[in-house]
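Contents: one structure, followed by commentary.
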Amino acid sequence: MAGFSDTLRIPDDARAQSVRREVLDSVEATEAAASPSPAPSNREAAAGQRKKRGGHRRAASNKSFPTIPAVAGVATLVAAGAGALTLQSGVITAAAGETTAHSPMPGEIALSVNQVQQARAEAAARADRSKRDAKAVSDAKAAAAREARIAVEKERAAWAEAQSKQAQALERTAAGATDTQVFERHIEWVLPVEKFRLSAGFGRSGSMWSNLHTGQDFASPMGTPVRSVGEGRIIDASYDGPYGNRIKVQLTDGTVTWYCHLSAYKLRSGYVEAGTVIGYVGSTGNSTGPHLHFEVHPSGGDAIDPLPWLRERGLL
């Protein structure tokens, strides 16, 4: 019986009916041999014959439980049937293409846990790589910025060195030059505006000025470009009361030129050449209309009449 309890085979439906009939016949025969029952009546015999011819047999409700030999016979006949279902250690296996249900074993559970842990470890490794990559990109950008600053500083230092060498060369040339050579040296000069009409001149008096007029006015349309008359550098660009928006340019010989009543600045500092646009004609400060008030201060001192100074340079 131990073998039967461990393994139970259930035959397919097509063959089960034939096997079931043989099993029931065997059981009845075994029981009849063990304890014979009284002869059935004529009516019961006729009913039994009809049931047998119909191919269906049902055990009477008052029959006793099959004996051990009968059960063994059933097991033997059932085991001979084609196709079986085996129940072993919680595993159900269908031999004739039926569904298989598999209960997870402890080893499989451990494998699943290991897979989860491995997936977590891989995710953590990917996150760590992403952080390292982001840090590498940030470091690369910072290094590129540092290199760019260093390159700019080197370029600036090289430019300053070249300017210094050029200035030293000019000084050496000037020191050894004769008067004729200095006279032949060409210096470029330009008028402060291209289109103009001379209006109020130097030394004039009037209600517009608290003192005598200290410059030369160039009447010109609003927004006309204002140019530096010579080479130099801007030393001031600010609003100055009656002068309005004013720019001061110190030329290479030390002379300071003023450009006043500007409507706007284009440059506020730095080196300029003759003809460089530094601002635009306006009417700011003490002014009755758009014009440029131009002054000349030798060595940065008192103002002089700009017209003779401009004529000496071939401009008027």
Item to complete: Take Val249 and Val256 through the side chain to side chain contact (heavy atoms under 4.5 Å, CB included) test and state the conclusion after the steps.
Response: CA-CA 6 Å; Val249 177; Val256 178; over 6 Å; no
Item to complete: Establish, from distance only, whether the side-chain atoms of Tyr259 and Glu295 form a donor-acceptor pair under 3.5 Å.
Response: no
Discussion item. Can you tell me how far apart CD1 (Ile304) and OG1 (Thr214) are? Round to the nearest 0.5 Å.
Written reply: 12.0 Å
Worksheet item: Roughly how far, to the nearest 0.5 Å, is NZ of Lys154 from CD of Glu147?
Response: 9.5 Å
Fill in: Heavy-atom neighbours of Asp139 CG exceed 12 at 6.0 Å
yes
Item to complete: Can you measure from OG1 (Thr257) to CD1 (Ile235) and round to the nearest 0.5 angstrom?
Response: 8.5 Å
Item to complete: Would you check if Ile247 and Val226 make a side-chain contact, meaning some heavy-atom pair closer than 4.5 Å?
Response: no
Discussion item. Could you check whether any side-chain heavy atom of Val152 comes within less than 4.5 Å of a side-chain heavy atom of Arg149, counting everything from C-beta outward?
Written reply: no
Practice prompt. Mind running salt bridge (Lys or Arg N to Asp or Glu O under 4.0 Å) on Asp133 and Arg129 for me, showing each step along the way?
Written response: CA-CA 6 Å; Asp133 293 342; Arg129 286 195 298 270; over 6 Å; no
Worksheet item: Any donor and acceptor pair, going by atom type alone, linking the side chain of Thr284 with main-chain N or O of Leu262 inside 3.5 Å?
Response: yes
Worksheet item: Do Tyr239 and Tyr280 share a hydrophobic cluster (ILVMFWY, side-chain heavy atoms under 4.5 Å, transitive)?
Response: no
Worksheet item: Are any side-chain N or O atoms of Ser130 and backbone N or O atoms of Arg126, one a donor and one an acceptor, separated by less than 3.5 Å?
Response: yes
Worksheet item: Hey, are the side chains of Arg227 and Pro192 touching, using non-hydrogen atoms and a 4.5 Å cut-off?
Response: no
Fill in: Distance flag, aromatic centroids of His297 and Trp258, threshold under 6.0 Å
yes
Worksheet item: Going from SG on Cys260 to CG on Leu292, what distance comes out if it is rounded to the nearest 0.5 angstrom?
Response: 7.5 Å
Worksheet item: Side chains of His291 and Phe196: closer than 4.5 Å at any heavy-atom pair?
Response: no
Practice prompt. Look up atom NE2 in His261 and atom CG in Asn286, then write down how far apart they are to the nearest 0.5 Å.
Written response: 6.5 Å
Worksheet entry | Heavy-atom closest pair, residues Ser283 and Ser287 | OG-OG, 2.8 Å
Discussion item. Hydrophobic cluster membership, with links at side-chain heavy-atom distances under 4.5 Å among I/L/V/M/F/W/Y: are Tyr271 and Val190 in one?
Written reply: no
Item to complete: Check the hydrophobic clustering (I, L, V, M, F, W, Y; side-chain heavy atoms under 4.5 Å; chains of links allowed) and say if Tyr243 and Val296 are grouped together.
Response: no
Worksheet item: His293 and side chain to side chain contact (heavy atoms under 4.5 Å, CB included): which partner among Arg246, Gln216, His213?
Response: His213
Worksheet item: Below 4.0 angstrom, N of the basic side chain to O of the carboxylate: do Lys165 and Glu161 qualify?
Response: yes
Worksheet item: With a cut-off of 6.0 Å (strictly less than), are more than 12 heavy atoms of other residues, nucleotides or ligands near CD of Glu122?
Response: yes
Practice prompt. Report yes if some heavy atom in the side chain of Leu316 is under 4.5 Å from a heavy atom in the side chain of Leu307; otherwise report no.
Written response: yes
Worksheet item: With a 4.5 Å heavy-atom cut-off, do Ser263 and Val281 have their side chains touching?
Response: no
Discussion item. For the OG atom of Ser238 and the CG atom of Asn245, what is their distance to the nearest 0.5 Å?
Written reply: 8.5 Å
Discussion item. Do Ile234 and Ile278 make a side-chain contact, defined as non-hydrogen atoms from C-beta onward lying under 4.5 Å apart?
Written reply: yes
Discussion item. Could you check whether Arg311 makes a cation-pi contact with Trp309, meaning its NZ or CZ is under 6.0 Å from the centre of the six-membered ring and within 45° of the ring axis?
Written reply: no
Discussion item. Would you say that Gln118 contacts Asn114 through its side chain, given a criterion of any heavy-atom pair below 4.5 Å between the two side chains?
Written reply: no
Worksheet entry | Hydrophobic cluster membership, Leu191 vs Phe294, 4.5 Å side-chain cutoff | yes
Practice prompt. Write down the atom of Ala219, the atom of Ser199, and the distance for their closest heavy-atom approach.
Written response: N-OG, 4.1 Å
Worksheet item: Just by distance, do the side chain of Ser299 and the backbone of Gly301 share a donor-acceptor pair under 3.5 Å?
Response: no
